[in-house]
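One structure is given here, and the rest of the page talks about it.
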Amino acid sequence: MSPLNKQQLEKIRDERREQIKQAALRLFARRGFGGTKTSLIAAEAGISEGLIYRYFSSKDELFTELVEELMNEASQAVQSIHQLLGTPYEQISALTQDMMDENNQYAFMFIQQARYSDNIPEKASQILQQLSGNAIIEKLLPVFVKGQEAGEFAAGNPREMLSWYFMIVHSLILQAKGDEEFGLPPAKVLMRVLTDGASKA
């Protein structure tokens, strides 16, 4: 058998690193930073605990890298909402569907756990502050106001309505991990929070 070339080795390393990160993501989302040990991450990933330290110097580094990646993805998703085709209702509905998607639930659970934890690494805390819930709402305000003007969204203080909306979404995502019977509602159900009483929605 011929030895692996550099490209093949890098591919194996990347796959192993991603395997560790996905296992850590699931555990951090369910148990929080303080409740997750590297031994649990190793068991979740099906590897030895020592192997984790070949890719990450510490649990802090692993956690912080996940925060940075997910916050960058969230920032890009919010910023790109203006580029989506469709009406303001359809744009915010697409964002909602993305948040509620089963493949993304652990990511949102993880971010919410991180936001409300006091003992996370300092660098991770700083990254979270750069894109707070208020910052996301500020980016969505122009889309929402445009939808209100078109009669797609209900009248009212747009910042207040979006705050309530995301409060409900975030609460549902956090609670969904314990509700195997019903899980999360479809996006159109949640969108009623923003459209109730609207003239065209």
Side-chain angles (χ1 to χ4, degrees), residues 25 28-30 32-33 66-120 122-179 181-201:
L25 174 64
F28 285 137
R30 295 196 301 259
F33 179 76
L66 283 170
V67 168
E68 188 167 22
E69 281 189 11
L70 293 175
M71 292 306 287
N72 284 338
E73 290 175 8
S75 179
Q76 291 171 8
V78 173
Q79 289 175 354
S80 65
I81 191 172
H82 304 278
Q83 302 169 7
L84 295 176
L85 297 176
T87 66
Y89 174 90
E90 291 168 336
Q91 291 171 334
I92 292 183
S93 180
L95 180 65
T96 305
Q97 183 62 52
D98 189 50
M99 287 191 291
M100 308 302 282
D101 188 281
E102 185 177 346
N103 294 325
N104 296 329
Q105 285 179 27
Y106 278 116
F108 284 98
M109 286 166 58
F110 170 82
I111 292 299
Q112 292 310 303
Q113 285 274 17
R115 283 196 189 282
Y116 296 105
S117 297
D118 296 327
N119 62 342
I120 65 173
E122 179 62 27
K123 185 178 178 182
S125 180
Q126 292 172 356
I127 295 169
L128 285 166
Q129 290 171 10
Q130 292 172 7
L131 189 66
S132 64
N134 289 334
I136 292 174
I137 288 172
E138 288 298 324
K139 293 178 184 295
L140 292 178
L141 274 175
V143 176
F144 186 78
V145 170
K146 185 178 179 181
Q148 282 183 314
E149 292 171 349
E152 292 188 316
F153 297 128
N157 183 311
R159 185 174 284 101
E160 186 176 68
M161 293 182 70
L162 284 171
S163 295
W164 290 339
Y165 181 65
F166 280 107
M167 190 183 304
I168 293 170
V169 171
H170 293 162
S171 296
L172 283 170
I173 290 171
L174 284 176
Q175 293 299 320
K177 60 183 178 181
D179 190 348
E181 182 178 1
F182 297 109
L184 292 169
K188 64 182 180 180
V189 172
L190 293 171
M191 290 297 289
R192 293 175 190 165
V193 175
L194 301 177
T195 61
D196 186 35
S199 60
K200 296 182 181 179

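Below, each value reflects all heavy atoms present in this structure, side chains not excepted, and no hydrogens, waters or symmetry copies.
Atoms CD1 and OG1, from Ile92 and Thr195 in turn, are 11.0 Å apart once rounded to the nearest 0.5 Å. One distance of note links OG1 of Thr87 with CD of Glu152; it measures 3.5 Å at 0.5 Å rounding. Within the model, atoms CZ of Arg159 and CG of Leu141 stand 5.0 Å from one another, a figure rounded to the nearest 0.5 Å. Note: Leu128 CG to Glu68 CD = 11.0 Å, rounded to the nearest 0.5 Å. Taken to the nearest 0.5 Å, the CZ atom of Phe110 stands 5.0 Å off from the CG atom of Leu66. Taking CG from Leu95 and CD1 from Ile136, the interatomic distance works out to 8.5 Å, rounded to the nearest 0.5 Å.
Counting heavy atoms from C-beta on, the side chains of Ile120 and Val67 never come closer than 4.5 Å. No side-chain heavy atom of Asn72 sits less than 4.5 Å from a side-chain heavy atom of Ile127. Using a 4.5 Å heavy-atom threshold, the side chains of Gln97 and Lys188 count as separate. Residues Tyr165 and Leu140 are not in side-chain contact: their nearest non-hydrogen atoms beyond the backbone lie 4.5 Å or more apart.
Side-chain N or O atoms of Ser75 include none that pairs as donor or acceptor with a backbone N or O of Met71 at under 3.5 Å. A donor-acceptor contact shorter than 3.5 Å links the side chain of Gln148 to the backbone of Ala154. Judged purely by atom type and a 3.5 angstrom limit, Gln112 has no side-chain atom pairing as donor or acceptor with the backbone of Met109.
Taking the six-membered ring where the residue is Trp, Phe153 and Phe144 present parallel rings, their angle staying beneath 30° rather than reaching 60°. Between Phe28 and Phe33, the ring-plane angle classifies as parallel under the 30° and 60° cut-offs.
Residues satisfying the salt bridge (Lys or Arg N to Asp or Glu O under 4.0 Å) criterion with Glu69, sequence neighbours excluded, are Lys21. Residues that satisfy the salt bridge (Lys or Arg N to Asp or Glu O under 4.0 Å) test with Arg192, not counting sequence neighbours, are absent from this structure.
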